[in-house]
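Here the structure is laid out as structure tokens; the discussion comes afterwards.
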2 protein chains.
Amino acid sequence: MTVSGSNGVPAKTVERLVVYRRLLQKLAEQGDTHVHSHEIAELANNSAAQVRRDLMIIGYSGSPAKGYDVKDLINRINRLFEKKGGQKVALVGIGKLGRALLAYFNLRQPRLKIVAAFDNDAEKIDTETHGCKCYHIDEMTRVISEEGITVGIVTVPAAVAQHVTDLMLMAGVTGILNFAPTRLKVPALAVVDDVDIATKLEKVAFFCD
Amino acid sequence: MTVSGSNGVPAKTVERLVVYRRLLQKLAEQGDTHVHSHEIAELANNSAAQVRRDLMIIGYSGSPAKGYDVKDLINRINRLFEKKGGQKVALVGIGKLGRALLAYFNLRQPRLKIVAAFDNDAEKIDTETHGCKCYHIDEMTRVISEEGITVGIVTVPAAVAQHVTDLMLMAGVTGILNFAPTRLKVPALAVVDDVDIATKLEKVAFFCD
DNA sequence: TAGTGTGAAATAGTTCACAGCC
DNA sequence: GGCTGTGAACTATTTCACACTA
């Protein structure tokens, strides 16, 4: 199953909320306390109506006079994400891309830490990259269940992606971000999202003339 | 402007066609000559009706008896993509992610070669990574127009992404794949697609329970 | 009086269902 | 009998439009 609004909030809205939060944080840093829908809309470039609807969906109200309270709204969005359980993340496949992701998330991102990385290359085992311990694939099941990890990132070659996925699911992972250029088969209760870079690039190349 | 069916073919369909081609190539390698819509559908996991519709859109017909001719269909899809002009790609920002992408595209992908990479770090200049020459940002305008590059990949920090984008657009790039966590402002005739990894991960974490 | 909340219309995208063909 | 091509139905998402409010 692909991501969808199994919750109350539709997937598209969730995606946009993450973007809004990023923008709001920037606004908060530069001291803005209130913001109007059309201002958020412009930064996120979508329509003001969309922003209002998204915020309505999560039950947040602004005032016509001042707009939306920046701090308050950030908290509201955070609460929405935090009430969810598993925020521990595992990464499988410590190649170039894997390391780039480790650096990205564990240096910049405060939430959603990657707490364990796995590979089958003996050289990489037991090293520590960006504050994240590297284990052999064989230890994956153990580590994932011990740590209570629920989100996995797959950056292995397409040929082994399904195998790795199956192992992760069995160990207790329920959400997977897949960078391998294959569609993963998962049970209906698990969630997969694909980041298919090659396809995206082809698409851009196709539509630009 | 975001990618859309400014052409005849809707963006979603293009995306799926790229996936189909990948699957078809695998089938061709293992000697299959014909394939049915529901077989493609299963591999790509969407519905058979969808596959049929997508192929109908690009004007390809199968026969009820044998299904679709694999080789022929690959050619048909390739022709669709090749008739488009610019397939030369530039990458800006030779960080970890940039290098991972260089490795990915220039080792595996036969089409869509990244022919030039740019960074402002003096150390990286004039080296050659994965068959791709690295230049200083200041040379970008020159190199892009000389080489006739039309597609750009942005892997620089968010703070400079817009600046880099503007330079690229001015030099003649019309399609951009953006990895920086910002929405880029571009003129209506240019095409941008975002690969917002952090957002995707948040989304997966949100929907898995 | 500009900006919010929200029903209603419009648009985009997906699946159904069935005629026609091999 | 199972598969394709395709209109029609259905679903999801976006935008419009306007009453309402501070």
Side-chain angles (χ1 to χ4, degrees), chain A residues 1-20 24 27 32-70 72-73 76 183 188 193 199 203 207, chain B residues 1-20 24 27 32-70 72-73 76 183 188 193 199 203 207:
Chain A
M1 177 218 198
T2 321
V3 291
S4 79
S6 51
N7 197 358
V9 189
K12 292 280 176 78
T13 297
V14 170
E15 222 163 290
R16 284 191 297 258
L17 286 172
V18 177
V19 174
Y20 299 160
L24 289 166
L27 291 176
D32 295 3
T33 60
H34 290 267
V35 64
H36 287 297
S37 59
H38 65 87
E39 296 173 291
I40 300 179
E42 200 190 338
L43 292 168
N45 64 313
N46 52 12
S47 72
Q50 181 106 83
V51 172
R52 292 208 297 276
R53 190 161 292 269
D54 287 337
L55 298 186
M56 198 192 74
I57 285 172
I58 64 168
Y60 193 84
S61 293
S63 84
K66 309 229 72 185
Y68 301 89
D69 184 301
V70 174
D72 214 35
L73 182 47
R76 182 72 190 76
R183 286 300 172 94
D193 204 356
T199 299
K203 195 170 66 167
F207 282 113
Chain B
M1 176 219 201
T2 321
V3 290
S4 80
S6 49
N7 197 356
V9 189
K12 292 280 176 78
T13 296
V14 170
E15 224 164 289
R16 284 191 297 257
L17 286 172
V18 178
V19 175
Y20 299 160
L24 289 166
L27 291 177
D32 296 2
T33 58
H34 290 267
V35 65
H36 287 299
S37 59
H38 66 86
E39 296 173 289
I40 299 178
E42 201 190 337
L43 293 167
N45 64 314
N46 52 11
S47 73
Q50 181 104 83
V51 172
R52 292 208 296 276
R53 191 161 292 272
D54 286 338
L55 298 186
M56 199 193 72
I57 286 173
I58 63 167
Y60 193 82
S61 293
S63 85
K66 309 228 72 183
Y68 301 89
D69 183 302
V70 174
D72 215 35
L73 182 48
R76 183 71 188 78
R183 287 300 172 95
D193 204 357
T199 299
K203 193 171 67 168
F207 282 113

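Below, read A as the first sequence line, B as the second, and so on, with proteins coming before strands; counting in each chain starts at 1.
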In terms of side-chain heavy atoms of [X], which of [options] is nearest?
| X | options | result |
| --- | --- | --- |
| A65(B) | dC22(C), dA17(C), dC3(D) | dC22(C) |
| P64(A) | dA17(D), dG3(C), dG20(C) | dG3(C) |
| R52(B) | dC3(D), dG5(D), dT4(C) | dG5(D) |

Can you tell me if the side-chain N/O atoms of [X] get under 4.0 Å from OP1 or OP2 in [N]?
| X | N | answer |
| --- | --- | --- |
| Q50(B) | dT15(C) | yes |
| S63(B) | dC22(C) | no |
| H36(A) | dT4(C) | yes |
| S47(B) | dT15(C) | yes |
| S61(B) | dG5(D) | yes |

Give the rounded distance in Å between these two atoms: [atom1] of [X] and [atom2] of [N].
| X | N | atom1 | atom2 | answer |
| --- | --- | --- | --- | --- |
| K66(A) | dA22(D) | NZ | P | 15 Å |
| H34(B) | dC22(C) | NE2 | P | 15 Å |
| H38(A) | dG5(C) | NE2 | P | 13 Å |
| M56(B) | dC16(C) | CE | P | 17 Å |
| I40(B) | dC3(D) | CD1 | C1' | 13 Å |
| E42(A) | dG3(C) | CD | P | 13 Å |
| N46(B) | dT14(C) | CG | P | 9 Å |
| D69(A) | dT4(C) | CG | P | 13 Å |

Can you work out whether K12(A) or A49(B) has the more 5'-proximal nearest nucleotide on DNA chain D?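 Looking at the nearest nucleotide for each, A49(B) comes out on the 5' side.
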Under a 3.5 Å threshold, yes or no: a donor from one side chain and an acceptor from the other, between Y60(A) and D72(A)?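 Side chains of Y60(A) and D72(A): pair found under 3.5 Å.
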Minimum-distance pair of heavy atoms, taken over all atoms of [X] and [Y]:
| X | Y | answer |
| --- | --- | --- |
| A48(A) | H38(A) | CB-CA, 3.8 Å |
| V70(A) | H34(A) | CG2-N, 3.8 Å |
| V19(B) | A44(B) | CG1-CB, 4.3 Å |
| N46(A) | R16(A) | ND2-CD, 3.2 Å |

Spell out, as yes or no, whether a donor-acceptor pair under 3.5 Å connects the side chain of R76(B) to the backbone of I58(B).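 At least one qualifying donor-acceptor pair exists.
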Using atom types as modelled and distance alone, determine if a side-chain donor or acceptor of E42(A) lies under 3.5 Å from a backbone N or O of E39(A).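 No; judged by distance alone, with no hydrogens or angles, the pair does not exist.
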Output a table of nitrogen or oxygen pairs between the protein and nucleotides 7-12 of chain C separated by less than 3.5 Å.
{"unit_1": "dG7(C)", "atom_1": "O6", "unit_2": "R53(A)", "atom_2": "NH2", "d": "2.7"}

